[in-house]
Amino acid sequence: MARSGDTGLIGGIEAGGTKFVLAVGSAPNAIKARHEIPTRDPAATLEEAAQWFEKHGQICGLGIATFGPAQLDPNSPQWGHILQTPKPDWSDCGIAPFFTDRLGVPAGFDTDVNGAALAEYRFGAGKDAGSLAYVTVGTGIGGGLIIDGHPVHGAAHPEMGHMFPRHSADDGGFAGICPAHGDCLEGVASGPAIKARWGGSLSDLSPDHSAHETVAAYLAQLCHTLFAVTAVETVVLGGGVMNTPGLLDRVRAASDGLGNGYLPGIGKHRITGPALGANAGITGALLLAPHG
């Protein structure tokens, strides 16, 4: 088992459903080495990640930003575990305990979206704001919320993709694909939901296809709800679906319409894309690493 020394290096893991991003750095925004490995079964994936860190010298702390759901309560015996997940073999995987034991270092542990939110708050789209929400719209829809520099946990981590949006009268009665909730936001506006309903990705459809307005309207409801319920200043929309040309502008316009000039934070609320791009998740993981 490796033991930490006073190296000044920290490690980070962005644990995703399709790949793990690994990094070491002297600071969260000063990455010295970075590597990606495919997400396979837990034993093979965690072993390969541990060997990579062992080859890159001793670290003084490790941050893990993982796909979920995850147990974030430090008082729970399941802290650091991935909970019940549809990803085969990963339910009840003790990802943080594995690395604290193997590498002999303390670990910080949070969700991947909370990690990305923290990174955008500190170094990206929200660095001049006091609060930020980060929402990823891709295979699923998830979000993290940062208030005064800290991720919001409450009883657990937020599940923004599982709010229930209103449906317009001409929406066609799509039942949604979420196995738990059917037509929650993830069930109607995620990448797989778009494919199930219209036969392809949003980018594959013609720019004048009604799907663009429909998906924008759903995502705008989430943004408006975040502004109304949390008074958050900045909502960052990332993920593969948000790469669709024109979608971000459509969401902004639809959200403005829902607000109708009422919310007291008008003028401070904004919807934007990620400033850190593909580095948001791993930068967030490094921010979670205990050090000092």
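- Closest heavy-atom contact between A216 and A254: O-CB, 4.3 Å.
- Counting only distance, with no hydrogens or angles, the side chain of T283 and the backbone of N29 share no donor-acceptor pair below 3.5 Å.
- With rounding to the nearest 0.5 angstrom, the CG atom of L276 is 9.0 Å from the OH atom of Y134.
- Closest heavy-atom contact between A65 and T111: CB-O, 3.8 Å.
- By the 6.0 Å contact criterion, CZ on R122 is open, its count of non-hydrogen atoms from other residues, nucleotides or ligands being 12 or less.
- No more than 12 heavy atoms of other residues, nucleotides or ligands sit less than 6.0 Å from atom NE2 of H150.
- For W52 (side chain) and E47 (main-chain N/O), no donor-acceptor pair under 3.5 Å exists by modelled atom type.
- G12 approaches L62 most closely through the heavy-atom pair N-CD1, 3.7 Å.
- Side chains of H167 and D183: a donor-acceptor N/O pair is present below 3.5 angstrom, by distance only.
- D73 and Q78 share no donor-acceptor pair across their side chains, judged by distance under 3.5 Å alone.
- Linking Ile, Leu, Val, Met, Phe, Trp and Tyr whenever their side-chain heavy atoms come within less than 4.5 Å puts V105 and L46 in one cluster.
- Although no hydrogens or angles enter the test, the distance criterion places a donor-acceptor pair under 3.5 Å between the side chain of H269 and the main chain of V232.
- Although no hydrogens or angles enter the test, the distance criterion places a donor-acceptor pair under 3.5 Å between the side chain of E186 and the main chain of I141.
- When all heavy atoms of A275 and A125 are compared, the pair lying nearest together is CB-N, 3.5 Å.
- Within a 6.0 Å sphere centred on NZ of K87, other residues, nucleotides and ligands contribute more than 12 heavy atoms.
- Here the CG-CG distance, from L287 to L118, works out to 5.0 Å after rounding to the nearest 0.5 Å.
- A donor-acceptor pair under 3.5 Å is absent between the side-chain atoms of H157 and the main chain of G143, judged by distance alone.
- Taking the side chain as every heavy atom from C-beta outward, P77 and Q71 never approach each other to under 4.5 Å.
- With values rounded to the nearest 0.5 angstrom, L288 atom CG is found 10.0 Å from F109 atom CZ.
- The main-chain N or O of R270 is never found under 3.5 Å from a side-chain atom of T234 such that the two would form a donor-acceptor pair.
- A distance of 11.0 Å separates CG in L22 from CD1 in I31, rounded to the nearest 0.5 Å.
- Under a hydrophobic clustering in which Ile, Leu, Val, Met, Phe, Trp and Tyr are joined whenever their side-chain heavy atoms come within less than 4.5 Å, directly or via other members, L237 and V241 fall into the same cluster.
- Taking the side chain as every heavy atom from C-beta outward, P28 and I10 approach each other to under 4.5 Å.
- Annotation: side chain of H56 is not in contact with side chain of K32 (no heavy-atom distance under 4.5 Å).
- Between I282 and I13, the shortest heavy-atom contact is CD1-N, 4.0 Å.
- Checked by atom type and distance alone, the side chain of H212 never pairs as donor or acceptor with a backbone atom of S210 at under 3.5 Å.
- Within the 3.5 Å criterion, the main-chain N or O of R166 finds a donor-acceptor partner in the side chain of Q221.
- For the pair N260 (side chain) and Y262 (backbone), a donor-acceptor distance under 3.5 Å is absent.
- Contact annotation: the side chain of T139 approaches that of P192 to within less than 4.5 Å [non-hydrogen atoms, C-beta and beyond].
- Residues F174 and A193 approach most closely at CZ-O, 3.9 Å, considering heavy atoms.
- Residues F20 and H35 place their aromatic rings such that the two centres sit no closer than 6.0 Å.
- Counting only heavy atoms from C-beta outward, the side chains of D112 and T66 never approach each other to under 4.5 Å.
- If you chain together hydrophobic residues whose side chains sit under 4.5 Å apart, V235 and F123 never meet in one group.
- Going from atom OG of S168 over to atom OH of Y218 covers 6.0 Å, rounded to the nearest 0.5 Å.
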query = Would L145 and M160 count as a side chain to side chain contact (heavy atoms under 4.5 Å, CB included) if you check the C-alpha gap in whole Å, the side-chain angles of each, and the deciding distance to 0.1 Å?
reply = CA-CA 10 Å; L145 179 65; M160 296 180 190; 4.0 Å; yes
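- At distances below 3.5 Å, at least one donor-acceptor pair connects side-chain atoms of E233 with backbone N or O atoms of S131.
- The line from CG of D41 to CG of D89 is 6.5 Å long, rounded to the nearest 0.5 Å.
- No chain of hydrophobic side-chain contacts below 4.5 Å, direct or via other Ile, Leu, Val, Met, Phe, Trp or Tyr residues, connects I146 to V135.
- If you chain together hydrophobic residues whose side chains sit under 4.5 Å apart, L72 and I64 fall into the same group.
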